[in-house]
Structures are given as structure tokens and as C-alpha cells.
Protein chains: 2
Amino acid sequence: MSSATSNPTSNGAPSAGAGAAAPGTSPTFSPLYQQIKALILQSLQSGEWKPGELIPSEVELANRFKVSQGTVRKAIDELAAENLVVRRQGKGTFVATHHEARAQFRFLRLMPDAGEPHYADNNILEVKRLRAPAEVARQLDIKSGDSVIFIKRVQSFDGAPTIVEELWLPGVIFKGLTAERLVEYKGPMYGLFETEFGTRMIRASERIRAVAADEPTAELLNVAQNTPLLSVERVSYTYGDKPVEVRRGLYLTENHHYQNDLS
Amino acid sequence: MSSATSNPTSNGAPSAGAGAAAPGTSPTFSPLYQQIKALILQSLQSGEWKPGELIPSEVELANRFKVSQGTVRKAIDELAAENLVVRRQGKGTFVATHHEARAQFRFLRLMPDAGEPHYADNNILEVKRLRAPAEVARQLDIKSGDSVIFIKRVQSFDGAPTIVEELWLPGVIFKGLTAERLVEYKGPMYGLFETEFGTRMIRASERIRAVAADEPTAELLNVAQNTPLLSVERVSYTYGDKPVEVRRGLYLTENHHYQNDLS
DNA sequence: TAGTGGTCTAGACCACGCT
DNA sequence: GCGTGGTCTAGACCACTAG
């Protein structure tokens, strides 16, 4: 790649020839490093490199794509900033995974008021297959009535039940998910999804409200009915901004709080 | 700057001489671009370049600091990522300000369930000077009993009171802040702080809980007592991670929600 | 010692905003 | 046309890891 020509739309690999396409007016200009980023993203999504694995070195990728190392670097920089990949000096660049300390609390913002964040005990109450309610179907971008896996669980900190949560997962993707596998599995649920079902959560959006505990929820959390609870409704997305999980949690915030840093 | 030598600790400007300090083992290695970033940060903090103003071009800064443009670029890249500075291709780099559309909703995460986010009507109930309660003093990193400005206000959306908020500001910094100035001022409160008191908020940390409305709050929000509300406790920081505002808000989430994106 | 990511440079050219 | 930020390259050297 001798000169910085622009390739208007997406093309498999950057044009190999010397001074290729017309550099003139560019209708939909896309920087080379963005194209490289998209290519790497494809390899991640396709599973060519799996979570936890080492991806090819910058030099190797530069040779493969026929661009300079600096361009590959910039592409990987962005992927690292989006937590899709983790750089380790002297070792290489690895595909990010939910099985590692640094990613554990990225999707759980409920912190104890005092002391270090720690793991929750997980009590699965129910796992069943059902037909997606209209609202859930809308959020998962599937048809109303399509098969979904429904999970209900209670999470406790130091023996105190704190979170009641209901989850809906597309049946097509999470076929074969059973209560046993959920209970047996040690570690974060997103880790299980990643290794057992090949679906990696990369982004989520939460809507938070205050609500009053209804009777069954109050009983599960061992508090009085109408106790104020945080309602956290989450939609999680995998590659390509595809929604693959709806989660509705009720958090007891007597000794915990939802932590959020604005910057 | 001919070679990439490292300057162990902070030094005013990168060593000017050709191949300066010992490049050998580096006890506390700090990349050149980080040093440049720190220098630019100083100019921002000292007010050499004020919010909204154009800062010197990359080439000019490169000459001033005797480094390459690429190094200045990387420094500014990070400042831009932290929202301290805004790049505009063809025009230059500007000091970020709270008086601009793009920064308006960075610190207000309460969104209407339907429709576009819009501005709140601001009803100042009370502004007075008092001595900092212990807890507030601790959060502001001042002495208990030091003078603070206390503000209480109600914010309404489309005529519906939705937020009851109490604020504490260090008296030393916000001397002369009165109810009149708050009421007269059009635009975001952080914009006023920035232009009238030379204090720019760059970061904030929030702790969110669910609580029951007490009687006076319920009356202000025009709801029944014990209605579940979102309690949002915020500490805001200016340059140097110095806390300069404590804010306790109670949000009515019947037609609004606190929006948070995890990534 | 070899390989990887991380820093720094110098120079070329492109896209954009203004005059 | 000129100045600004944005992209791309090629090459040198540094810091870190592991065999």
C-alpha cells in the first residue's frame, strides 16, 4: 500500500496494486484502518479466533492485509478500546473473554456500600422454554411467540438475598440450556454463554427505575411488601448490535448501591 | 527531540538537548506523549486557554515542546477521549465547554420513556450559606463546619415536577452565588459554574438507590407519600480529581428512566 | 536472544472549513 | 489557496515476556 488512496465502499481486502483506485472526490470515505478493523471484526465474529486466544501479531496482520503496522495498530487500538480485544505487551493481543477478573464487574454495577465487591451466590428458581411475550420479542428483535428460554433466579451476597432476576434468551441460540448446566457452571453466566453457546455479549443498555416490591418478590428478598427496589431492565447485544438477552432485575439497595461513573 | 529517551519523573518541558538523560533502566517510565499531555493539562487548568477557545495547532505545540506532531497528536487524542478538548477537522482543537449541545446530557441520565430528551424547568426553592455537615465535608474533602453553599431545587418536565435536588458547593470557590444568578441564568448549571466561577466539572460519580418518598418530597413531586423514588447521590470533580460538588437527587420514575449503557 | 506490543519521528498526502 | 486536523507509511528504538 504505497499511497493513501481511499476505497469508497467496503471491499474484501484493501486494493493491492500500487496506486489503485481513484483518489478524487470520495462519496463515502472510509479510512483504511476502519476497513482493517472491520476485517478483524469479521474474524472475531466468525470464530476464527476464539475468546481467550492469541490473535496474529501486528506485523503478521500488516503483511496479510498489505498495509503498514501503524494502520493495523490503529485498528486494534479501537477494538481494544471497545473491550473486544486485550493487548499484553511482550505477549501479544488476545480475544477478550468474560472468564477473567478484569471483565467480571463490567456488567454488574451493584456494589456493597462498604467493602470490596464480591461474588453472589446464585439460586436458580426456574428454567423453562416458552413463547416470547410481545414486549420481550420486540426487544430481542424476534417474532412474538417465537421460542425463548426463560430463567428466574435469586442472587445473594453474604447469605442475604439481594437480586431477583428474570431473563429471556432466544431459543434458537441457546438451545439446550438447562437448569443443571446453569447450576453446575462455576463463574459468570456470560462466560457460560460464550463457551457453551458461542455467543459473546459485547454491549448492554440498562433502564433503571424505582418500584415497590410486590408480594412474591418481597418474600424472595425477605423484606416487607412495597419496599422500594431498583428495577434494572437490560438488553444485551452481541456482534452486529444483535440483541440476544433481555434481563429484568430487582435490586435491594439497603446495603448496596448501583455505581455509575460519568465522564 | 532526536531520540526517544525517557524522563523518569515529571520535568517542566521535555529535555531540549539532543540525546539527553540516561536512557538505561527506567525506574518510573513515562512516555513522552504523557508528559506533553500533562503540560497541556496544566495550561487548561491554569486557564491559559479558556472553555470554548481554540488551542494552538498541533504543529505549533509540536514546535513549542520540541517534539514531533505525532506525539502531540497522541497527547491530544487522550484529552479528547476524556472530553476535555474537542477536535474539529479543518478548524482546530477547542477547549470543551458545558455550553454546547453535545455536552448537555452527559451528566443527566434521566430520559423520558417516550420521545426525545428535553430540558427541564428549573425551580429554585432555596439558596443559603451554611456550615458543611460532616458527611458532605468528607465528600468535598473539606473540614466539617467549613462554609458551603446549599441549594434546593425542583425540576419539571412538561410541567410535571420530576426531580427534587439538593446541592452543596464549597463556599470558598462559589463565593457570591445567589438565587438570583441561578434563576436568571439560562442554560446548564455547569455552564454557569464554568463561566462565572472558573470551575469546570470534568467527571462525576453516582450512587443510585431506591427509596420511599418522605412527606415533604412527596408533596413537591405531587405524589403519594412512600412512592418509590430513585436516589442519586453524585460527587463531581474538577481538574486534579478535586471534588467540588455534592448533589443528592430524588427522581420520579413513572414516565422517565435512568439510562445507562454498559460497554 | 527473539518476538511482541509501545513509543517516537519525519514526511507525504487527504478531507475539511474558511477566505 | 491555505491552514487545520486526519490518515498512512517506513523505520528506528524501547519495554516486556519467555524460551
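Values reported hereafter were calculated over all heavy atoms of this structure, with side chains retained and with hydrogens, waters and symmetry mates removed. Below, chains carry the letters A, B, ... as their sequence lines are ordered, and counting in each starts from 1. Computed from a predicted model, the values in this text were never measured in an experiment.
Checking the phosphate oxygens (OP1, OP2) of D:dC8, no side-chain nitrogen or oxygen of A:Thr71 falls inside 4.0 Å. An OP1 or OP2 oxygen of C:dG5 is reached within less than 4.0 angstrom by a side-chain nitrogen or oxygen of A:Thr93. Contact between the side-chain N/O atoms of A:Ser68 and the OP1/OP2 oxygens of D:dC8 is not found at any separation under 4.0 Å. Phosphate contact (OP1/OP2 of D:dG5, side-chain N/O of B:Lys91, threshold under 4.0 Å): absent.
Protein atom CZ of A:Phe94 is 11 Å distant from nucleotide atom C1' of C:dG5, rounded to whole Å. Between A:Asn63 atom CG and C:dT4 atom P the separation is 11 Å, expressed in whole Å. Straight-line distance from the CD atom of B:Glu78 to the P atom of C:dC8: 11 Å, rounded to whole Å. In this entry the distance linking CG of B:Leu61 with P of C:dT9 reads 14 Å, nearest Å. Rounded to whole angstrom, the span from the CD atom of B:Gln34 across to the C1' atom of C:dG6 amounts to 12 Å. As a whole-Å value, the separation of B:Lys66 NZ from C:dC8 C1' is 17 Å. With rounding to whole Å, A:Phe29 atom CZ is found 12 Å from D:dG5 atom C1'. When rounded to the nearest whole Å, the span between CD of A:Gln69 and C1' of D:dG11 equals 10 Å.
Under 4.0 Å is where a charged nitrogen must lie from a carboxylate oxygen, and between A:Arg207 and A:Glu233 no such pair does.
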Open item on the list: Before you tell me yes or no, could you show the steps for B:Glu116 and B:His118 under side chain to side chain donor-acceptor pair (under 3.5 Å), namely the whole-Å CA-CA distance, both residues' side-chain angles and the distance that decides it to 0.1 Å?
Closed with: CA-CA 6 Å; B:Glu116 286 303 294; B:His118 45 293; over 6 Å; no
- [ ] Output, in order, the C-alpha distance, side-chain angles, deciding distance and verdict of salt bridge (charged side-chain N to carboxylate O under 4.0 Å, His left out) for B:Lys242 and B:Asp141.
- [x] CA-CA 8 Å; B:Lys242 186 184 172 191; B:Asp141 197 21; over 6 Å; no
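Of the candidate nucleotides C:dT9, C:dG5, D:dA15, C:dT9 has the atom lying nearest to any side-chain atom of B:Val67. Considering only the side chain of B:Arg87, D:dG5 comes nearest among C:dG5, C:dG17, D:dG5. Minimum atom distance to the side chain of A:Tyr33 is reached by D:dC8, of the listed C:dT9, D:dG5, D:dC8. The side chain of B:Gln89 lies closest to D:dG5 when the candidates are D:dA15, D:dC8, D:dG5.
Across all strands shown, D:dG19 remains unpaired; no Watson-Crick or G-U wobble contact has both distances below 3.5 Å.
A perpendicular orientation is assigned to the rings of B:His98 and B:Phe107, their planes being inclined by more than 60° (bins at 30° and 60°). Using bins of under 30°, 30° to 60° and over 60° for the plane-to-plane angle, the ring pair B:Tyr258/A:Tyr258 lands in the perpendicular bin.
At the heavy-atom level, B:Arg73 lies under 4.0 Å from base atoms of the strands shown.
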